[in-house]
Amino acid sequence: MDPDNITPEENTTAADQPEAPATRYYGKAVALVAAAGAGHRLGADKPKAFVELGEHTILQHCLLNIAASGVFEEIVVMASFEMCSLAIDQSTALELDIPVKVYPGGVLRSDSVFEGIKRIMANDENDPVSIIAVHDAARCLTPPKLFADVVEKTRLLMTVNNPGAVIPALPVTDTIKMVDSVGNVIGTPDRSRLRAIQTPQAFDAKLLSKIHEQAAAEDINTTDDAALFERFGITVMTVEGDRRAFKITNPEDLALANIYMNQDEND
Ligand code: CTP
Ligand code: MG
């Protein structure tokens, strides 16, 4: 793998081209929501994104928080094929002030994200996209500010010609150990250097697209998109994450989500 292949060819700063700035700095920011999972661990009678949490579904909470951030021109939702029409109905009902497009996802999360990137970049020449923020629908209580933080930092990095890749990180409170294949401890990393990583993860759209293409060609699958950047030797920066951006995974997580929602109402 040659990381140079991944570097976008439009490798100039805005200052180099004051008359005609490179569009990648000024194109639109799109939120890409991965909502095509089945939610097996949650064990509900419907896919996780469509489970109700108070007045809205998980997907609707997610869309409301993304729209409230004010940093996106568009939202693209990846849903399982059979849930696409319900996803459209639920987003239409919110009457958001930015467009929401819904497309069918794939078997793995990484397939859904890659498919979404292809959809978003399909019209890039006519309607340039500068930033894609990839987000798990299951992190539906992520506050609007966190979306703004990752997008604004990514845009700042791109204007000074650095690779735009910014992810939310929180310190871990447990001691984390490495184990071997039979569960015997083989090491204890220094906890002060460990971080739990969340979404939204914001990236230079063209770089993200190229990296996903290369990963697909080499059959590389990772649990998040930042890991692909790391594999290709590209710097990924962090911003401070937020506890409310936790991922609803198991049934008890719904109780935590309700606590956070009640807290927000009382603020
Ligand atoms: N996801 C997706 N496409 C897939 C699998 C997952 O878009 N093929 C999304 C999920 O909808 C979720 C996010 O990726 O918002 C994180 O995945 P996870 O928490 O594992 O959700 P599920 O895959 O739905 O849950 P489970 O693994 O328990 O079935
Ligand atoms: Mg899953």
With a 4.5 Å cut-off on side-chain heavy-atom distances among I, L, V, M, F, W and Y, is there a chain of contacts connecting F81 to M83?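 As far as the 4.5 Å side-chain criterion goes, M83 and F81 are not connected within one cluster.
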Establish whether I167 and L194 are linked, either directly or via other cluster members, by ILVMFWY side-chain heavy-atom contacts under 4.5 Å.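 Not linked; separate clusters.
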Atom pair [atom1]/[atom2] of [X] and [Y] - distance to nearest 0.5 Å:
X: C140; Y: H56; atom1: SG; atom2: NE2; result: 11.5 Å
X: T142; Y: Y260; atom1: OG1; atom2: OH; result: 11.0 Å
X: I186; Y: M178; atom1: CD1; atom2: CE; result: 4.5 Å
X: F229; Y: D204; atom1: CZ; atom2: CG; result: 7.0 Å
X: E125; Y: M121; atom1: CD; atom2: CE; result: 10.0 Å
X: D224; Y: E230; atom1: CG; atom2: CD; result: 6.5 Å

Short side-chain donor-acceptor distance under 3.5 Å, [Y] and [X]:
X: Q198; Y: D242; value: no
X: T57; Y: E52; value: no
X: N221; Y: S110; value: yes

For atom CD of E55, decide whether the heavy atoms of other residues, nucleotides or ligands shown that lie under 6.0 angstrom number more than 12.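 It does not: E55 CD has 12 such atoms or fewer within range.
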Just to verify, which of T223, T222, D136 counts as forming a side-chain contact (heavy atoms from CB on, under 4.5 Å) with R109?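 Considering T223, T222, D136, a side-chain contact (heavy atoms from CB on, under 4.5 Å) with R109 is found only for D136.
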Do the ring planes of F147 and F72 sit parallel (below 30°), tilted (30 to 60°) or perpendicular (above 60°)?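 The arrangement is perpendicular - the two ring planes meet at more than 60°.
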Please verify the inter-ring angle class for F114 with H212; under 30° counts as parallel, over 60° as perpendicular, anything in between as tilted.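 Because their plane-to-plane angle is under 30°, the rings of F114 and H212 count as parallel.
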With side chains defined as the heavy atoms from C-beta onward, is the minimum distance between [X] and [Y] less than 4.5 Å?
X: I220; Y: R231; result: yes
X: T199; Y: V150; result: no
X: L64; Y: L96; result: yes

Could you tell me whether K153 and D149 have a side-chain N and a carboxylate O separated by less than 4.0 Å?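 Answer for the salt bridge query: no.
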Charged N to carboxylate O under 4.0 angstrom, E115 versus K118?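 Salt bridge between E115 and K118, a charged N being under 4.0 Å from a carboxylate O: yes.
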Minimum heavy-atom distance P163-L157, with the two atoms named: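 Shortest heavy-atom contact: O-CD1, 3.9 Å.
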